[in-house]
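Source: prediction; values computed, not measured.
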Amino acid sequence: MKKIAEILLAAMSVACLSSPLTASPATPQWEPVVTETIAYLDTASDPDPVEVVVRDGYIYVTTPRPASVKVLSILGQLISQQNIPAGTSRLRISARGIYILKVGSITKRVTI
């Protein structure tokens with residue numbers, strides 16, 4: 001009986017360590033995406049071309065050069081702010097809704 005109590009006590013302490021009550025949700029982070037084909041962006045007609053695609057809860061941004069990216073809720077609350085490298089990067093957004101995406105000097109509305 002004492003052995004069972006020790007096992008239960010050990011299991012409870014491990015459960016408490018793995019799920020702290022004071023943990024706050026992590027800020028979403030942009031991550032580079034390796035693609036086999038590079039999207040064609042016409043830099044002659046648009047001095048700051050940006051391609052934005054929403055798929056499977058991710059926002060994909062393709063830029064020809066490093067850029068500063070901000071994602072805001074429709075109420076203006078900052079969700080993410082980060083510098084991304086040239087190429088394609090993605091950001092996971094867990095909550096459905098309408099967001100404002102600012103990439104350099106470009107502002108776009110994104111629906112997830």
- Message: Working to the nearest 0.5 angstrom, can you tell me the gap between Ser89 OG and Glu31 CD?
- Response: 8.5 Å
- Only pairs at least two apart or in different chains count here, so list each salt bridge (Lys or Arg N to Asp or Glu O under 4.0 Å) that has a residue in residues 92-107.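 Found none.
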- Distance-only, no hydrogens or angles: does the Gln82 side chain make a donor-acceptor pair with backbone N or O of Trp30 under 3.5 Å?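 At least one qualifying donor-acceptor pair exists.
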For residues 52-60, which side-chain N or O atoms pair as donor and acceptor with protein atoms under 3.5 Å away, sequence neighbours left out?
{"residue": "Tyr60", "atom": "OH", "partner": "Arg90", "partner atom": "NH1", "Å": "3.4"}

If the condition is side-chain contact (heavy atoms from CB on, under 4.5 Å), which residues does [X] pass it with, not counting sequence neighbours?
| X | result |
| --- | --- |
| Thr111 | Ile98, Arg109 |
| Gln77 | Ser73 |
| Pro28 | Ile79, Leu91 |

- Please test Tyr99 against Ile93 for side chain to side chain contact (heavy atoms under 4.5 Å, CB included), starting from the C-alpha separation and ending with a verdict. CA-CA 10 Å; Tyr99 296 90; Ile93 300 288; 3.4 Å; yes
- Taking it one step at a time, do Thr62 and Val50 satisfy side chain to side chain contact (heavy atoms under 4.5 Å, CB included)? CA-CA 6 Å; Thr62 302; Val50 173; over 6 Å; no
- Query: Between Thr107 and Ile100, is any pair of side-chain heavy atoms under 4.5 Å apart?
  - Reply: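 Yes; the side chains approach each other to less than 4.5 Å.
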- Query: Would Val69 and Leu101 count as a side chain to side chain contact (heavy atoms under 4.5 Å, CB included) if you check the C-alpha gap in whole Å, the side-chain angles of each, and the deciding distance to 0.1 Å?
  - Reply: CA-CA 7 Å; Val69 181; Leu101 177 73; 3.6 Å; yes
